[in-house]
Undergrad: 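Got a structure here, written out as structure tokens. Questions coming.
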Amino acid sequence: MKEFKPFKEGKVREIYDNGDSLIMVATDRISAFDHILKNKITDKGAILTQMSKFWFDYTSDIVPNHMLSVDVQDMPEFFRQEQFDGNSMMCRKLEMLPIECIVRGYITGSGWESYQKNGTVCGIRLPEGLKESDKLPEPIYTPSTKADLGDHDENISYEKSVEILEKIYPGKGADYAKQIKDCTIALYKKCAEYALGKGIIIADTKVEFGLDEDGRVVLGDEMLTPDSSRFWPLEGYEPGKSQPSYDKQFVRDWLKANPDSDYLLPDEVIEKTIDKYKEAFALLTGREFV
């Protein structure tokens with residue numbers, strides 16, 4: 001059996017080269033505030049992979065995506081081990097664009113902090129009088145640069161995203177920037193409307209795009225998971241305060257309240273986190289995670 005070693009490791013993912021494709025493995029690691037925590041969250045990688053698959057299938061009419069298969073029987077023998085079953089996705093190879101595409105439908109987190117200071121989010125002026133967790137009149141697109149492991153992503157303007165892409169792809173920067181912006185907003189609108197019908201508010205999310213061998217824009221990485229999005233329960237939603245969530249916010253809140261934790265979570269926080277992930281998965285996909 002041929003052994004595979006990851007050629008790239010992110011905060012929670014390992015990526016393997018499979019010749020004409022890649023195999024992306026979502027681990028049970030969890031990160032917050034740009035740090036990998038010392039605990040693992042059981043089944044987290046499989047939930048993220050299966051949730052991404054659900055959304056990739058649901059949005060394939062808007063933009064093509066990189067997913068080929070999540071069945072390890074379609075992958076080399078090495079990946080047919082228990083540790084890879086359910087949390088591995090075979091993907092098309094893409095040349096990833098160096099922009100994180102963030103869309104915000106509600107005002108929360110760092111956006112709310114910024115709005116309180118000067119009425120803007122990432123340089124975009126918003127209406128006066130918004131309360132924390134309010135729904136925005138229209139979703140806003142707030143791209144950022146992709147930082148290396150351990151560094152912070154940096155919010156940038158749309159114009160700056162054009163400039164960055166133009167440097168890499170002379171004559172095409174404006175076109176690629178517009179395509180990824182339009183796709184990001186279209187994806188968010190379709191999925192947020194769907195999720196609302198299932199009892200979940202998608203407050204914001206992040207997606208990433210790459211180019212295929214013909215230079216076409218393709219959706220890559222992960223999609224609308226609790227790691228890349230803020231999910232709130234619709235029941236009990238009330239602007240004017242922070243909302244309970246199905247995502248990593250639970251972990252972030254605990255870490256903020258326990259600054260001396262050295263990024264080690266207690267068992268109860270781990271159990272509540274995985275329960276939240278499973279609950280979100282069941283509500284959105286209509287099936288229990290097993």
Undergrad: Could you tell me which non-hydrogen atom of P139 sits nearest to which non-hydrogen atom of V103, and how far apart they are?
TA: CB-CG2, 3.8 Å

Undergrad: How long is the gap from CG on D71 to CZ on F79, to the nearest 0.5 Å?
TA: 14.0 Å

Undergrad: Kindly give the heavy-atom pair with the smallest separation between T108 and A203, and that separation in Å.
TA: CG2-CB, 4.4 Å

Undergrad: Is a donor from one side chain sitting under 3.5 angstrom from an acceptor on the other, for Y169 and E95?
TA: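 Present: a donor and an acceptor within the cut-off.
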
Undergrad: Less than 4.5 Å apart, any side-chain heavy atom of S21 and any of C91?
TA: no

Undergrad: Is there a side chain to side chain contact (heavy atoms under 4.5 Å, CB included) between S261 and L255? Walk through the geometry before answering.
TA: CA-CA 7 Å; S261 66; L255 288 170; 3.4 Å; yes

Undergrad: Drop me the distance from I270's CD1 to K40's NZ, to the nearest 0.5 angstrom.
TA: 12.0 Å

Undergrad: For the pair N87 (side chain) and A26 (backbone), establish whether a donor and an acceptor sit closer than 3.5 Å, ignoring hydrogens and angles.
TA: yes

Undergrad: Any non-hydrogen side-chain atom of M89 less than 4.5 Å from a side-chain atom of I23?
TA: no

Undergrad: Kindly determine whether T273 and Y277 satisfy side chain to side chain contact (heavy atoms under 4.5 Å, CB included), including the steps that lead there.
TA: CA-CA 6 Å; T273 302; Y277 277 46; 3.7 Å; yes

Undergrad: Ignoring hydrogens and geometry beyond distance, is a side-chain donor-acceptor pair present between S133 and Q243 at under 3.5 Å?
TA: yes

Undergrad: Any side-chain heavy atom of K278 within less than 4.5 Å of one from I274?
TA: yes

Undergrad: Indicate yes or no: at least one non-hydrogen side-chain atom of W254 is less than 4.5 angstrom from one of P266.
TA: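 Yes, side chains in contact.
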
Undergrad: Looking at side-chain heavy atoms only, is the closest gap between C191 and T59 below 4.5 Å?
TA: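 Result yes, sub-4.5 Å side-chain heavy-atom pair found.
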
Undergrad: May I ask you to say whether K44 pairs ionically with D28, meaning some side-chain N is under 4.0 Å from a carboxylate O?
TA: no

Undergrad: Just by distance, do the side chain of D134 and the backbone of K131 share a donor-acceptor pair under 3.5 Å?
TA: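 Present.
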
Undergrad: Return the OH to CE distance between Y16 and M90, rounded to the nearest 0.5 Å.
TA: 15.5 Å

Undergrad: Any chance CD of E288 has more than 12 other-residue heavy atoms, nucleotides or ligands included, within less than 6.0 Å?
TA: no

Undergrad: According to a 4.5 Å side-chain heavy-atom criterion applied to Ile, Leu, Val, Met, Phe, Trp and Tyr, with indirect links allowed, do V70 and L284 form part of one hydrophobic cluster?
TA: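 Yes; tracing contacts between hydrophobic side chains, which count when under 4.5 Å, links both residues.
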
Undergrad: Working note: T142 + R104, criterion side-chain hydrogen bond (donor to acceptor under 3.5 Å, both in side chains); need CA distance, chi angles, decisive distance, verdict.
TA: CA-CA 8 Å; T142 59; R104 304 168 191 257; 2.9 Å; yes

Undergrad: When rounded to the nearest 0.5 angstrom, what distance separates CZ in R252 from NZ in K256?
TA: 8.5 Å

Undergrad: Can you check salt bridge (charged side-chain N to carboxylate O under 4.0 Å, His left out) on E213 and R92, steps first, answer last?
TA: CA-CA 10 Å; E213 62 278 6; R92 296 158 64 184; 5.2 Å; no

Undergrad: Answer yes or no: is there an ion pair linking K160 with E166, defined by an N-O contact shorter than 4.0 Å?
TA: no

Undergrad: Tell me whether F56 is reachable from V207 by hopping between hydrophobic residues (I, L, V, M, F, W, Y) whose side-chain heavy atoms are closer than 4.5 Å.
TA: yes

Undergrad: Give, for atom CD1 of I140 and atom CD1 of I107, the distance between the pair rounded to the nearest 0.5 Å.
TA: 7.0 Å

Undergrad: So does E14 pair up with K8, basic N to acidic O under 4.0 Å?
TA: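 No, E14 and K8 are not salt-bridged.
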
Undergrad: For the side chain of S245 and the backbone of R230, is there at least one donor-acceptor N/O pair under 3.5 Å apart?
TA: no

Undergrad: Do other residues, nucleotides or ligands put more than 12 heavy atoms under 6.0 Å from Q83 CD?
TA: yes

Undergrad: Apply side chain to side chain contact (heavy atoms under 4.5 Å, CB included) to E100 and T145, showing your working.
TA: CA-CA 6 Å; E100 302 222 312; T145 56; over 6 Å; no

Undergrad: Checking side-chain polar atoms at under 3.5 Å, does T225 have a donor or acceptor matched by the opposite partner on E222?
TA: yes

Undergrad: Verify the cluster assignment for I99 and I62: are they in a single hydrophobic cluster under the rule of side-chain heavy atoms below 4.5 Å apart?
TA: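 Yes: a chain of side-chain contacts under 4.5 Å links I99 to I62.
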
Undergrad: Is the terminal nitrogen or CZ of K276 (NZ for Lys, CZ for Arg) located under 6.0 angstrom from the six-membered ring centre of Y246 and within 45° of that ring's axis?
TA: yes

Undergrad: Is the cationic atom of K190 (NZ for Lys, CZ for Arg) positioned less than 6.0 Å from the six-membered ring centroid of Y58 and within 45 degrees of its normal?
TA: yes

Undergrad: Check whether NZ of the Lys or CZ of the Arg K181 lies under 6.0 Å from the centre of the six-membered ring of Y158 and within 45 degrees of that ring's axis.
TA: yes

Undergrad: Run the side-chain hydrogen bond (donor to acceptor under 3.5 Å, both in side chains) test on D85 and Q81 for me, step by step, so that the C-alpha distance in whole Å, both residues' side-chain angles and the decisive distance to 0.1 Å come before the verdict.
TA: CA-CA 7 Å; D85 196 0; Q81 304 177 61; over 6 Å; no

Undergrad: Assigning hydrophobic clusters by single linkage (Ile, Leu, Val, Met, Phe, Trp, Tyr; side-chain heavy-atom cutoff under 4.5 Å), is L22 placed with L211?
TA: no

Undergrad: Side chains of V269 and D267: closer than 4.5 Å at any heavy-atom pair?
TA: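 With C-beta onward as the side chain, the pair stays apart.
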
Undergrad: Taking K93 first and then D20, would you say they form a salt bridge - that is, a charged N and a carboxylate O separated by under 4.0 Å?
TA: no

Undergrad: Keeping T27 on the side-chain end and R13 on the backbone end, is there a donor-acceptor pair under 3.5 Å?
TA: no

Undergrad: Looking only at atom types and distance, does a side-chain atom of D262 sit under 3.5 Å from a main-chain N or O of L264, one as donor and one as acceptor?
TA: no

Undergrad: If we ignore hydrogens and angles and just use 3.5 Å, is the side chain of T205 paired with the main-chain N or O of S228 as donor and acceptor?
TA: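 It does hold such a pair.
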
Undergrad: Looking only at non-hydrogen atoms, find the nearest pair between W55 and L224 and report the distance.
TA: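 Closest heavy-atom pair between W55 and L224: NE1-O, 3.0 Å.
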
Undergrad: How about F84 and F78: are their ring centroids closer than 6.0 Å?
TA: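 Centroid distance F84-F78: below 6.0 Å, so yes.
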
Undergrad: Return the minimal non-hydrogen interatomic distance between P226 and M51, and the atom names on each side.
TA: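 In terms of heavy atoms, the two residues are closest at CD-SD, 3.6 Å.
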
Undergrad: Given side chain to side chain contact (heavy atoms under 4.5 Å, CB included), test F54 with F281 step by step and report yes or no.
TA: CA-CA 10 Å; F54 172 81; F281 180 87; 5.9 Å; no

Undergrad: Do you know the tightest heavy-atom contact between K206 and D221?
TA: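 Heavy-atom minimum between the residues: NZ-OD2, 3.9 Å.
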
Undergrad: Can you tell me how far apart OG1 (T184) and OH (Y141) are? Round to the nearest 0.5 Å.
TA: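 T184 OG1 to Y141 OH: 5.0 Å, rounded to 0.5 Å.
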
Undergrad: Do the side chains of Y237 and L283 join up, straight or via other hydrophobic residues, at under 4.5 Å, putting them in one cluster?
TA: yes

Undergrad: Quick one: closest heavy-atom pair of D57 and M67, and the distance?
TA: OD1-CE, 3.3 Å

Undergrad: Compare all side-chain heavy atoms of P64 with those of L219 and state whether any distance is below 4.5 angstrom.
TA: no

Undergrad: Is there a side-chain contact between I202 and Y188 in this structure, where contact means two heavy atoms from C-beta onward sitting under 4.5 Å apart?
TA: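 Contact flag for I202/Y188 side chains = yes.
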
